[in-house]
Protein chains: 2
Amino acid sequence: MKKKVLYIEDEQFLARIVKETLELKGYEVLHKKDGGRLIDLLQSFSPDICVLDVMLPNIDGYTLGSTIRNIYPQLPVIFLTAKTQTSDILKGFSSGGTDYLKKPFSMEELMVRIENQLKLAAPKEDASIETQEEVALGKYLFSPGRYELQIKGTIIKLSSRESEILSILCKHANKTTDRKKLLYAVWGDDSFFNSRNLDVYIRKLRDYLSQDDGITIITLKGKGYHFTVPGI
Amino acid sequence: MKKKVLYIEDEQFLARIVKETLELKGYEVLHKKDGGRLIDLLQSFSPDICVLDVMLPNIDGYTLGSTIRNIYPQLPVIFLTAKTQTSDILKGFSSGGTDYLKKPFSMEELMVRIENQLKLAAPKEDASIETQEEVALGKYLFSPGRYELQIKGTIIKLSSRESEILSILCKHANKTTDRKKLLYAVWGDDSFFNSRNLDVYIRKLRDYLSQDDGITIITLKGKGYHFTVPGI
DNA sequence: GGGAATTAAGGTTAATTAAGGTTAATGAAT
DNA sequence: ATTCATTAACCTTAATTAACCTTAATTCCC
């Protein structure tokens with residue numbers, strides 16, 4: 001998926017070069033000469049990053065930056081400007097900028113700073129499965145955050161318990177998940193009833209996951225489950 | 001808790017100024033003249049950010065940067081250098097730098113860039129609604145202060161309760177909002193009646209937000225709601 | 001030692017109960 | 001006189017409990 005850059009710049013000549021260079025690098029670029037109807041633009045275009053000139057007709061770049069930061073707390077914003085006074089730079093960062101590049105700059109520097117900002121804004125890797133975006137399970141796509149299991153475009157809605165248990169199994173994909181630990185993780189105890197209860201959920205999950213026979217939840221009696229998933 | 005800066009710089013005079021300025025700003029600074037025993041340093045000092053001069057005796061800054069990036073994928077690294085060639089900058093970013101500052105620089109700029117890197121590295125905070133007058137919710141724009149939800153130019157007026165509940169959901173966007181806490185936050189108790197009452201409001205909000213199917217309020221029975229919003 | 005009896009562990013399906021959803025009616029506050 | 005908030009009555013669905021079934025592992029006996 002192409003990353004989208006919203007680029008606001010009034011100098012036509014520079015704008016053209018930047019836009020073309022970005023497009024050559026594989027970005028989708030929306031260039032505007034001023035910040036009019038910014039909020040609409042953000043919503044319809046939904047950029048991954050904004051590159052703003054500071055000296056603009058009508059509304060200046062800093063104001064636009066603040067607006068963006070206000071509405072999209074996480075969206076990277078790079079300011080471009082000939083203003084080189086320290087106070088301008090400070091203003092840039094306090095207006096929600098995540099980087100500040102002084103004109104004149106080389107195209108390469110802009111490119112690498114854009115890449116860098118996108119990398120920094122990307123979801124942090126070290127997060128546990130709770131915050132994890134999506135996991136590929138064979139032909140399925142599991143989105144713990146959305147409580148969904150997707151296969152060939154059809155979406156299976158999971159309940160919170162189902163999703164919770166599947167998440168735990170995923171954490172031990174192709175290894176064994178201890179039954180007792182699973183029970184404790186989900187219910188906080190390993191009573192007889194919850195043990196039956198777990199059986200019920202395992203059956204449901206097996207059922208949901210039956211469309212890919214590379215995926216199996218193997219029972220290891222007295223131990224737990226071995227969740228086999230191809231290609232993890 | 002003081003943020004810790006690991007600062008590697010061989011120019012004694014500059015180093016002293018930077019160190020003192022940082023300390024004045026409330027940072028804990030460990031200054032070294034070279035990158036010897038870097039790995040030990042990182043582990044014992046466990047800095048929140050590294051500031052590296054590039055031109056160093058023995059091992060150069062880029063090499064140190066790469067080492068850091070390998071071991072600590074998320075740790076911010078700012079390069080400081082008189083090298084101003086584009087190729088040097090590219091090298092800085094490809095060596096795991098998260099920012100690059102050309103010498104000579106103003107202390108203020110260094111300070112603000114350090115702050116900025118720390119902010120970017122910080123675990124993504126939920127947009128604290130209090131300070132925002134507007135939040136983008138997918139195709140919608142929510143203005144808690146005005147009790148308005150806007151979509152494609154049309155304005156949906158929210159009642160105070162509706163707005164209040166939506167604000168709370170926004171605070172936990174893409175995470176789960178505890179039902180009990182929600183009830184307490186809004187009504188101060190979790191009586192049966194208010195619980196039904198909450199259901200009523202959730203239904204209304206689902207209805208208002210139904211025009212963007214990236215937005216969902218998922219019920220987690222026994223827990224609460226998971227408000228999913230794209231791009232937050 | 002090899003195969004039937006025993007038993008513990010888990011599986012299946014259905015019933016129950018608890019949590020929440022929906023819609024409409026009532027009550028409070030402008 | 002409306003608009004918003006609450007209460008009410010009834011509906012739907014997830015989670016749990018229950019009853020009964022199957023399978024793997026021991027044990028027992030010859």
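Every heavy atom of this structure was used, including side-chain atoms; hydrogens, water molecules and symmetry mates were not. Letters A, B, ... mirror the listed sequences (proteins, then strands); counts begin at 1.
As rounded to whole Å, 15 Å separates atom C1' of C:dG11 from atom CD1 of A:Ile165. In this entry the distance linking OH of A:Tyr201 with C1' of C:dG10 reads 17 Å, nearest Å.
Using a 4.5 Å cut-off on side-chain heavy atoms (C-beta onward), B:Phe142 and B:Ile151 make no contact. Between A:Val51 and A:Val5, the closest side-chain pair of non-hydrogen atoms falls below 4.5 Å.
A salt bridge between A:Glu9 and A:Lys103 is present, with a side-chain N of the basic residue lying under 4.0 Å from a carboxylate O of the acidic one. Contact check on A:Lys19 versus A:Glu23 returns a salt bridge, with a Lys/Arg side-chain nitrogen under 4.0 Å from an Asp/Glu carboxylate oxygen. One finds no salt bridge joining A:Lys33 and A:Asp10 here, because no Lys/Arg side-chain nitrogen approaches an Asp/Glu carboxylate oxygen to under 4.0 Å. Salt-bridge formation is detected for the pair B:Glu109/A:Lys102: a Lys NZ or Arg NE/NH1/NH2 atom is positioned less than 4.0 Å from an Asp or Glu carboxylate oxygen. Salt bridge absent: A:Lys3 and A:Glu115 never bring a charged side-chain N and a carboxylate O closer than 4.0 Å.
The nearest heavy atom of DNA chain D to B:Asn197 and to A:Arg161 marks one nucleotide each, and the one closer to the 5' end goes with B:Asn197.
Running 5' to 3' along DNA chain D, contacts with non-hydrogen atoms of chain B at under 4.0 Å begin and end at D:dC4 to D:dA14.
Residue B:Tyr147 is out of contact with every strand shown, counting any heavy-atom pair closer than 4.0 Å. A:Ser195 comes within 4.0 angstrom of nothing in the nucleic acid, heavy atoms only.
Taking B:Thr176 as the reference, A:Tyr147, B:Leu220, B:His226 meet the side-chain contact (heavy atoms from CB on, under 4.5 Å) condition, with sequence neighbours excluded. For A:Arg179, the side chain to side chain donor-acceptor pair (under 3.5 Å) partners two or more places apart in sequence, or in a different chain, are A:Ser195, A:Asp199, A:Tyr225. Applying the ring-ring contact (aromatic ring centres under 6.0 Å, His included) test to A:Tyr7 and every residue at least two apart in sequence or in another chain returns A:His31. When the side-chain contact (heavy atoms from CB on, under 4.5 Å) test is applied to A:Ser46, the partners found at least two apart in sequence or on another chain are A:Lys4. In terms of the side-chain contact (heavy atoms from CB on, under 4.5 Å) criterion, residue partners of B:Ile155 (sequence neighbours excluded) are, by chain and number, B:Glu148, B:Gln150. Partners of A:Ser159 under the side chain to side chain donor-acceptor pair (under 3.5 Å) rule, at least two apart in sequence or in another chain, do not exist in this structure. For B:Asn194, the side-chain contact (heavy atoms from CB on, under 4.5 Å) partners at least two apart in sequence or on another chain are B:Leu183, B:Trp187, B:Asp189, B:Ser191, B:Asn197.
Applying a 4.0 Å cut-off to non-hydrogen atoms, the residues of residues 180-194 of chain A that approach DNA chain D are A:Trp187, A:Phe193, listed by residue number. Scanning residues 208-224 of chain B for heavy-atom distances under 4.0 Å to DNA chain C yields B:Thr219, B:Lys221, B:Gly222.
A close approach under 4.0 Å does occur between a side-chain nitrogen or oxygen of A:Arg179 and OP1 or OP2 of C:dG10.
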(request) Under 3.5 Å for both distances, Watson-Crick or G-U wobble, that's the pair rule; now give the dot-bracket for DNA chain C, with | marking pairs to another strand and [ ] for crossing ones. (result) ||||||||||||||||||||||||||||||
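Between the side chains of A:Glu162 and A:Tyr208, a donor-acceptor pair is found at a separation under 3.5 Å.
Taking the six-membered ring where the residue is Trp, A:Tyr62 and A:Phe79 present perpendicular rings, their angle passing 60° and hence far from 30°.
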(request) Could you run through nucleotides 22-30 of chain C and give me one letter per nucleotide, 5' to 3': B if any protein heavy atom sits under 4.0 Å from the base, S if only the sugar-phosphate is that close, - if neither? (result) BB-------
